[in-house]
**Q** 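Got a structure here, written out as structure tokens. Questions coming.
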2 protein chains.
Amino acid sequence: MRETKKERLEKKGWKIGTAEQFLGLSPEESAYIEMKLRLSENLHHRRKRRRLTQVQLAKLIKSSQSRVAKMERGDPAVSIDLLIRSHLALGASNRDLAEVISSSRDSSSH
Amino acid sequence: MRETKKERLEKKGWKIGTAEQFLGLSPEESAYIEMKLRLSENLHHRRKRRRLTQVQLAKLIKSSQSRVAKMERGDPAVSIDLLIRSHLALGASNRDLAEVISSSRDSSSH
DNA sequence: TGACATTATGTCAAATATGGCATATCTTAA
DNA sequence: TTAAGATATGCCATATTTGACATAATGTCA
């Protein structure tokens with residue numbers, strides 16, 4: 001299960017290194033990663049609900065289709081800033097964003 | 001009031017330009033800026049509550065005192081990523097972060 | 001099957017964010 | 001007042017993130 005997750009993340013490009021290092025990820029680090037992944041998933045859902053293509057969303061946020069694809073795939077080389085700005089451009093409220101964030105696994109529940 | 005706020009932001013380095021442009025800030029843009037400012041304020045409070053100096057917090061997040069100062073002052077050249085990582089390093093839960101974010105003014109209430 | 005739309009992946013130069021450092025300014029206590 | 005600690009500001013070389021583009025892969029529908 002741990003291993004599965006590690007593979008899932010590594011396939012997405014998260015340079016996690018050895019299994020030891022993975023197991024040694026601090027709670028903050030994994031909370032941060034999970035938060036980004038949640039935002040990725042949510043962005044995808046929001047775009048779909050609006051029935052937009054990645055190209056259309058890209059235009060909306062003045063970015064490119066490839067960057068939208070990377071956002072939605074949870075590419076580590078995408079900032080939370082961009083994820084949040086994209087959400088806002090899609091009409092997400094602060095409360096919407098808050099829900100996404102509070103639903104990611106909590107680092108303080110170690 | 002608008003003018004006061006404009007000045008407040010400009011003093012912090014937000015390049016807002018003319019008053020027209022300021023008034024023309026899209027709801028998303030101002031929601032984004034407000035979100036960062038809330039995170040800035042909250043970071044300051046959290047650090048104070050823990051009775052840490054900026055130097056100590058900097059060490060905790062492997063950054064520098066000057067960057068901590070910039071974060072807390074709401075310097076626009078600070079990413080939300082860093083603000084969030086700092087919160088997590090200070091023990092903020094996802095729920096804590098969600099509260100900060102949902103308390104910033106909402107872009108969907110135009 | 002093929003044609004077409006959509007999404008994924010890789011690359012790169014430009015833009016932005018970073019830590020670190022020096023130094024200025026503010027705060028507090030003696 | 002002065003000294004010392006804390007915070008703010010400016011700068012810079014490096015690192016990361018960016019939009020853009022090409023192209024591959026996947027999906028969809030006839």
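Letters A, B, ... mirror the listed sequences (proteins, then strands); counts begin at 1. Heavy-atom basis, side chains included; hydrogens, waters and symmetry copies ignored. A quick note: this is a predicted structure, and the numbers were derived from the prediction, not measured.
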**Q** Looking at C:dG10, does its base get a donor-acceptor pair with the side chain of A:Lys70 below 3.5 Å?
**A**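 It does, because a donor-acceptor pair links the side chain of A:Lys70 to the base of C:dG10 below 3.5 Å.
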**Q** What residues in residues 54-68 of chain A put a non-hydrogen atom under 4.0 Å from any atom of DNA chain C?
**A**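 Heavy-atom contacts with DNA chain C come from A:Gln54, A:Gln65, A:Ser66.
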**Q** Could you check whether any side-chain heavy atom of A:Leu57 comes within less than 4.5 Å of a side-chain heavy atom of A:Gln65, counting everything from C-beta outward?
**A**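 No, their side chains stay 4.5 Å or more apart.
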**Q** Can you see which heavy atom on B:Ile61 is nearest to which on B:Ala89, and at what distance?
**A**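 The pair with the smallest heavy-atom distance is CG2-CB, 3.5 Å.
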**Q** What's the separation between atom CD1 in A:Ile84 and atom CG in A:Leu39, rounded to the nearest 0.5 Å?
**A**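 Separation between the atoms: 6.0 Å.
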**Q** Rounded to whole Å, how long is the line connecting atom CZ of B:Arg85 with atom C1' of D:dT16?
**A**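 So the CZ-C1' distance, B:Arg85 to D:dT16, works out to 10 Å.
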**Q** Where do A:Gly74 and A:Leu37 come nearest, in terms of heavy atoms and distance?
**A**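 A:Gly74 and A:Leu37 have their closest heavy atoms at CA-CD2, 4.1 Å.
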**Q** Report the distance from atom CD of A:Glu41 to atom NE2 of A:His44, rounding to the nearest 0.5 Å.
**A**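 Result: 10.0 Å between the selected atoms.
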**Q** Are B:Ile33 and B:Lys36 packed together at the side-chain level, in the sense that at least one heavy-atom pair is separated by less than 4.5 angstrom?
**A**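 No, too far: nothing below the 4.5 Å cut-off.
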**Q** Rounded to whole Å, how long is the line connecting atom NZ of B:Lys36 with atom P of C:dA17?
**A**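 Checked: the NZ to P distance equals 6 Å.
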**Q** Does D:dT16 have OP1 or OP2 under 4.0 Å away from a side-chain N or O of A:Ser79?
**A**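 Indeed not, no polar side-chain atom of A:Ser79 lies that close.
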**Q** Could you please spell out the steps behind the salt bridge (charged side-chain N to carboxylate O under 4.0 Å, His left out) verdict for B:Glu72 and B:Arg47?
**A** CA-CA 10 Å; B:Glu72 296 188 354; B:Arg47 178 176 64 79; 2.5 Å; yes
**Q** Taking only residues two or more places apart in sequence or in another chain, which ones pass side chain to side chain donor-acceptor pair (under 3.5 Å) with B:Ser66?
**A**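 Here the qualifying residues are B:Ser64.
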**Q** Heavy atoms within less than 4.0 Å of DNA chain C: which residues of residues 39-49 of chain A have one? Give them sorted by number.
**A**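 Contacting residues: A:Arg47, A:Lys48.
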**Q** Rounded to whole Å, how long is the line connecting atom OH of A:Tyr32 with atom C1' of D:dT16?
**A**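 Going from OH in A:Tyr32 over to C1' in D:dT16 covers 11 Å.
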**Q** Could you state the CG-P distance from B:Leu52 to D:dT7, rounded to the nearest angstrom?
**A**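 Atom-to-atom, B:Leu52 to D:dT7, this comes out as 10 Å.
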**Q** Return the set of residues passing side chain to side chain donor-acceptor pair (under 3.5 Å) with A:Arg46 (not counting sequence neighbours), or none when no residue passes.
**A**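 A:Arg46 satisfies side chain to side chain donor-acceptor pair (under 3.5 Å) with A:Asn42, A:Asp96 only.
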**Q** Where do B:Val68 and B:Val55 land on the side-chain contact (heavy atoms from CB on, under 4.5 Å) test, with the steps shown first?
**A** CA-CA 8 Å; B:Val68 171; B:Val55 170; over 6 Å; no
**Q** Nearest-Å distance, CG (B:Asp81) to P (C:dT16)?
**A**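 To the nearest whole Å, that distance equals 16 Å.
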**Q** Run through DNA chain C and report every stem of 3 or more consecutive Watson-Crick or G-U pairs, distances under 3.5 Å, ordered by first number.
**A**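 C:1-30 with D:1-30 - these are the stems of 3 or more pairs that involve DNA chain C.
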**Q** Report the distance from atom CE of B:Met35 to atom OG of B:Ser40, rounding to the nearest 0.5 Å.
**A**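 Separation between the atoms: 12.5 Å.
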**Q** Figure out the CD/C1' separation between A:Glu72 and D:dT26, and round it to whole Å.
**A**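 From A:Glu72 CD to D:dT26 C1': 15 Å.
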**Q** Treating A:Lys70 as the side-chain partner and A:Ala77 as the backbone partner, does any N or O pair qualify as donor plus acceptor under 3.5 Å?
**A**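 Not confirmed, A:Lys70 side chain does not pair with A:Ala77 backbone.
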**Q** Measure across A:Tyr32 and A:Ile80 and return the closest heavy-atom pair with its distance rounded to 0.1 Å.
**A**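 Smallest interatomic distance, heavy atoms only, reads CE1-CD1, 3.6 Å.
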**Q** Could you tell me the separation between the CD1 atom of B:Ile84 and the P atom of C:dA17, rounded to a whole number of Å?
**A**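 Those two atoms, CD1 and P, are 15 Å apart.
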**Q** Does the pair A:Leu43 and A:His87 meet the rule for a side-chain contact (heavy atoms from CB on, under 4.5 Å), with working shown?
**A** CA-CA 6 Å; A:Leu43 186 69; A:His87 273 78; 3.8 Å; yes
**Q** Just the table, please: protein N/O against nucleotides 28-30 of chain C N/O, every pair under 3.5 Å.
**A**
none

**Q** Quick check on D:dT7: is either OP1 or OP2 less than 4.0 Å from any side-chain nitrogen or oxygen of B:Arg73?
**A**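 No, outside the criterion.
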**Q** Closest approach to the side chain of B:Thr53, judged atom by atom: which nucleotide of D:dA8, C:dA8, D:dA6 is it?
**A**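 Taking heavy atoms from C-beta onward, the closest nucleotide is D:dA6.
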**Q** Whole-Å distance between C:dT18 P and A:Ile80 CD1?
**A**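 Those two atoms, CD1 and P, are 12 Å apart.
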